[in-house]
Amino acid sequence: MTETLSLLEELIRRESVTPNDAGCQDLLAERLGKLGFNDERLNFADTQNLWLRRGSEPPLFVFLGHTDVVPTGPLAAWDSPPFEPTLRDGKLYGRGAADMKGGIAAFVTAVERFIAQYPQHKGSIAVMMTSDEEGAATHGVVKVVEVLEGRNEKIDWCLVGEPSSDKTVGDVIRVGRRGSLCAKLTVFGIQGHVAYPELAENPIHTFAPALKDLTEEVWDHGNRFFPPTRLQVSNINAGTGAENIIPGQAEVQFNLRFCTELDEATIKARTQAILDKYGFKYDLQWRLSGNPFLTARGELIDATHAAIETVCGFQAQDDTGGGTSDGRFVAPTGAQVIELGPLNASIHKVNEHIGLGDLETLSRIYQQILVNLLA
């Protein structure tokens, strides 16, 4: 059994369903502390955050990850218990195997081998961990970055170990992400009997034309790095449960995954203009999950492409697809941020897994990136 596989199994055994860490960060701190990493805990509310740093000089390279995992779903649907790491057909099964304890195990062992080879490496290496990525993400990396910025501790390069790979490990490098803007709309009407609609005002009916406009709006056309901005309705709720009552209000939740052609203020203004066109009463609450970011071609992307070509023998594709990640909190500081990790095909599913060969390949890629930048 390899060091990377052994560490991953230890991490999976810890039932760290968000926002619980379940001792994962203690394990990492103990392991990297032996290599001279200073252990700092930056906990907020119910979230545990870990900042491990070796060295004090720039440039600063950071591995970023999260120790929390999503809930398992129905246990009966799993072929083996989700928190008992199980080897089967060349794969390791368990919740978090790909998202993202596999990435964590890979970069810890990559750091260990790199430091053994280059104990006097240039610059500094840090590991940032949170237990609040799969949840609300309000007390995790966003708070740690505030602390680092407050003391002028600048990150030069940040690699997020999220599962970015598509068909083969290392085939995709996420060099940016779309923004995510969530909305909760309450449309107010007048409750009444369905037999007397003239005495009521149905908020579903008054909102329906605006809903059509919102879903058909061409927000932008995207650009060479990002697809066009999309609005998706995630929930509509109204009524009392009775079939003869016109509801007094309707609640609608929707989300926009937006590219760098738009900003938060523009989206809000255009949405309000569409709603106001129809004259109904409403309340609209917004929550910005993250702004879009894009890392320009530079040392980090170049070093990563070179590492993948060295280890895997092919050229990776730069991409900005997928959802959001904690990289959105680091990018505004000016750091170069990318995401590179395991295959994403099984994440958040029952029987989540990672290929044993992929795990070792990923660790070697991470090690080679460190060699390319800090040796």
Side-chain angles (χ1 to χ4, degrees), residues 8 11-12 14-29 40-52 62-73 82-83 94-108 126-148 155 158-165 174 176-182 255 257 287-293 320-333 335 337-344 346-349 352 354 362:
L8 178 53
L11 291 170
I12 289 175
R14 288 161 167 79
E15 298 186 25
S16 55
V17 176
T18 190
N20 297 318
D21 169 71
C24 293
Q25 293 176 21
D26 290 338
L27 174 63
L28 302 177
E40 184 177 4
R41 307 302 173 107
L42 298 170
N43 299 336
F44 297 91
D46 59 354
T47 300
Q48 292 184 259
N49 301 309
L50 176 66
W51 177 247
L52 300 172
V62 174
F63 281 111
L64 172 59
H66 61 89
T67 52
D68 59 322
V69 299
V70 295
T72 62
F83 294 109
R95 175 57 85 219
D99 189 11
M100 62 159 288
K101 292 180 176 181
I104 293 171
F107 62 58
V108 168
V127 171
M128 187 194 304
M129 287 285 122
T130 184
S131 68
D132 183 34
E133 197 274 347
E134 297 290 7
T138 54
H139 299 293
V141 171
V142 64
K143 293 290 189 182
V144 177
V145 169
E146 287 177 4
V147 172
L148 298 179
I155 299 171
C158 179
L159 191 154
V160 190
E162 290 282 5
S164 64
S165 300
R174 303 280 187 212
R177 289 280 193 169
R178 292 175 294 176
S180 178
L181 185 59
C182 304
N255 174 274
R257 293 300 167 104
R287 182 178 68 84
L288 179 67
S289 178
N291 280 306
F293 73 90
T320 61
T324 59
S325 81
D326 279 339
R328 69 191 187 274
F329 302 124
V330 180
T333 70
V337 180
I338 65 167
E339 299 171 26
L340 176 65
L343 300 183
N344 55 34
S346 69
I347 63 174
H348 291 211
K349 298 180 179 180
E352 181 180 352
I354 187 171
L362 187 61

Which distance, rounded to the nearest 0.5 Å, do you find between the CG of Leu11 and the CD of Gln25?
10.5 Å
Of Asp132, Thr18, Asp21, the residue whose pairing with Thr67 passes side-chain hydrogen bond (donor to acceptor under 3.5 Å, both in side chains):
Asp21
Name the one of Val145, Leu148, Leu64, Val337 that satisfies side chain to side chain contact (heavy atoms under 4.5 Å, CB included) with Ile155?
Leu148
Please check if the side chain of Arg328 supplies one atom and the backbone of Val142 the other of a donor-acceptor pair under 3.5 Å.
no
So, do Leu28 and Val108 sit near enough that their side-chain heavy atoms are less than 4.5 Å apart?
yes
Chi angles and distances behind the side-chain contact (heavy atoms from CB on, under 4.5 Å) call for Leu52, Phe63:
CA-CA 10 Å; Leu52 300 172; Phe63 281 111; over 6 Å; no
With rounding to the nearest 0.5 angstrom, report the CZ to CD1 distance, Arg177 to Ile338.
12.0 Å
Find the distance between CH2 (Trp51) and OG1 (Thr130) and round it off to the nearest 0.5 Å.
13.0 Å
Heavy atoms of Phe83 and Thr72 approach each other most closely as CE1-CG2, 3.4 Å
Are Phe293 and Thr320 side-chain neighbours, meaning at least one heavy-atom pair lies under 4.5 Å?
no
Once side-chain hydrogen bond (donor to acceptor under 3.5 Å, both in side chains) is applied, do any residues pair with Arg95, and if so which ones, sequence neighbours excluded?
Glu352
Side-chain contact, heavy-atom cut-off 4.5 Å: Asn291 with Phe329?
no
To the nearest 0.5 Å, what is the distance between OG on Ser164 and CG on Leu343?
9.0 Å
Looking only at side chains, do Glu339 and Ser325 share a donor and an acceptor under 3.5 Å apart?
yes
Counting distance only, does the side-chain N/O of Gln48 pair as donor-acceptor with the main-chain N or O of Asn20 below 3.5 Å?
no
Looking only at heavy atoms, which two atoms of Ile347 and Pro163 are closest? And how far apart?
CG2-CG, 3.6 Å
Give a yes or no on whether the backbone of Asn49 and the side-chain of Asn43 come within a donor-acceptor separation of less than 3.5 Å.
yes
Identify, with sequence neighbours excluded, every residue that meets side-chain contact (heavy atoms from CB on, under 4.5 Å) alongside Asn255.
Ser180, Cys182, Arg257
With a 4.5 Å cut-off on side-chain heavy atoms, are Ile104 and Met129 touching?
yes
Under the rule for side-chain contact (heavy atoms from CB on, under 4.5 Å), what residues qualify as partners of Ala22, not counting sequence neighbours?
Arg14, Ser16
Between His66 and Asp99: side-chain donor-acceptor atoms closer than 3.5 Å
yes
Compare every heavy atom of Gly140 with every heavy atom of Thr47, then report the nearest pair and how far apart it is.
CG2-CA, 4.0 Å
What are the two closest heavy atoms between Ala98 and Ser346, and how far apart are they?
CB-OG, 4.3 Å
Check Ile12 against Gly94 and note the closest heavy-atom contact, atom names and distance.
CG2-CA, 4.0 Å
Under the side-chain contact (heavy atoms from CB on, under 4.5 Å) rule, what do Phe107 and Leu340 come out as? Steps first, then yes or no, please.
CA-CA 11 Å; Phe107 62 58; Leu340 176 65; over 6 Å; no
Quick one: does any side-chain atom of Lys101 pair with a main-chain N or O of Gly96 as donor and acceptor, under 3.5 Å?
no
For Ser131 and Asp68, which I'm curious about, is there any donor-acceptor pair between the side chains at under 3.5 Å?
no
Atom OG1 in Thr324, atom CD in Glu133: separation rounded to 0.5 Å?
6.5 Å
Nearest heavy-atom pair of Ala137 and Asp326: which atoms, and what distance?
CB-OD1, 4.5 Å
Assess whether a salt bridge exists between Asp26 and Arg41, defined as any Lys/Arg side-chain N lying under 4.0 Å from an Asp/Glu carboxylate O.
yes
